[in-house]
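Numbered from 1 within each chain, the chains take letters A, B, ... in sequence-line order. Computed from a prediction, not measured in an experiment: that's the story for all the values here.
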Amino acid sequence: KNQVEQSPQSLIILEGKNCTLQCNYTVSPFSNLRWYKQDTGRGPVSLTIMTFSENTKSNGRYTATLDADTKQSSLHITASQLSDSASYICVVSGNNNDMRFGAGTRLTVKP
Amino acid sequence: NAGVTQTPKFRVLKTGQSMTLLCAQDMNHEYMYWYRQDPGMGLRLIHYSVGEGTTAKGEVPDGYNVSRLKKQNFLLGLESAAPSQTSVYFCASRPTVLGNQPQHFGDGTRLSIL
């Protein structure tokens, strides 16, 4: 079983709407959790990183949350744009810098 | 600043053929990684390097070899390609593992083995 599970697998929303992507993990001990955005045909690009002591962090219209007790993270996208169409990947690192990748959520924003 | 460059971008091979994928980074990063990405699965680490002249096995190393003769280059070799190696291969680099530095990824090599 993958140590990083993301949901939903895919999501379709209308432009301007908000959405929330989920990431549950079992990686332990925990060091940090990072969200990447991967456009079609491109490599992943880091959006934000959450460490153990952080609950919420924003990067423009992207807001990540972390609950280290329940081992859950979410990525909330506000006022979606067509350019937000991409895969969003959750990556969890343990104390030995071993990184575990989720399978990603494929987001499609339609006009 | 090109970042991480992968060549080639696409390749079709026949079973049993060999090839080398090249990754080059111009950011003077110490750490470099090779991943494969398959549908429905997260990126899986094939091999990695913590510095020039060093390599180490990742999660799925079988059927692949790597070399890091120069700090800026990390080569991934397939000695005898198999259909199970059809995948998208990503290279990444990172300055260090300290300070929560992110990985920088190339745009991938799409490899099909017939």
With a 4.5 Å cut-off on side-chain heavy-atom distances among I, L, V, M, F, W and Y, is there a chain of contacts connecting B:Phe74 to B:Phe105? no
With sequence neighbours left out, which residue pairs that include part of residues 43-84 of chain B fulfil the disulfide (SG to SG under 2.5 Å) condition? none
Summary of disulfide (SG to SG under 2.5 Å) pairs that have at least one residue in residues 21-99 of chain A, sequence neighbours excluded: A:Cys23-A:Cys90
Hydrophobic cluster membership, with links at side-chain heavy-atom distances under 4.5 Å among I/L/V/M/F/W/Y: are B:Val12 and B:Leu76 in one? no
Report yes or no: do A:Phe30 and A:Leu75 belong to one cluster of Ile/Leu/Val/Met/Phe/Trp/Tyr joined by side chain heavy-atom distances under 4.5 Å? yes
Enumerate, including both backbone and side-chain atoms, all donor-acceptor pairs under 3.5 Å from chain B to chain A.
{"residue": "B:Gln37", "atom": "OE1", "partner": "A:Gln38", "partner atom": "NE2", "Å": "3.1"}
{"residue": "B:Gln37", "atom": "NE2", "partner": "A:Gln38", "partner atom": "OE1", "Å": "3.0"}
{"residue": "B:Asn100", "atom": "O", "partner": "A:Arg34", "partner atom": "NH2", "Å": "2.5"}
{"residue": "B:Asn100", "atom": "OD1", "partner": "A:Asn32", "partner atom": "ND2", "Å": "3.0"}
{"residue": "B:Gln103", "atom": "N", "partner": "A:Tyr36", "partner atom": "OH", "Å": "3.3"}
{"residue": "B:Asp107", "atom": "OD1", "partner": "A:Arg42", "partner atom": "NE", "Å": "3.0"}
{"residue": "B:Asp107", "atom": "OD1", "partner": "A:Gly43", "partner atom": "N", "Å": "3.1"}
{"residue": "B:Asp107", "atom": "OD2", "partner": "A:Arg42", "partner atom": "NE", "Å": "2.9"}
{"residue": "B:Asp107", "atom": "OD2", "partner": "A:Arg42", "partner atom": "NH2", "Å": "3.4"}
{"residue": "B:Arg110", "atom": "NH2", "partner": "A:Gly41", "partner atom": "O", "Å": "3.4"}

Could you state the interatomic distance from CE (A:Met99) to CG (B:Leu43), rounded to the nearest 0.5 Å? 10.0 Å
Is A:Leu82 reachable from A:Leu47 through a run of I, L, V, M, F, W or Y residues, each pair having side-chain heavy atoms under 4.5 Å apart? yes
Chain A interface, residue from B:Pro39, B:Gly40, B:Gly42 that has the most non-hydrogen pairs under 4.5 Å: B:Gly42
Those residues at least two apart in sequence (or on a different chain) that pass side chain to side chain contact (heavy atoms under 4.5 Å, CB included) with B:Pro83 are B:Thr15, B:Ile113
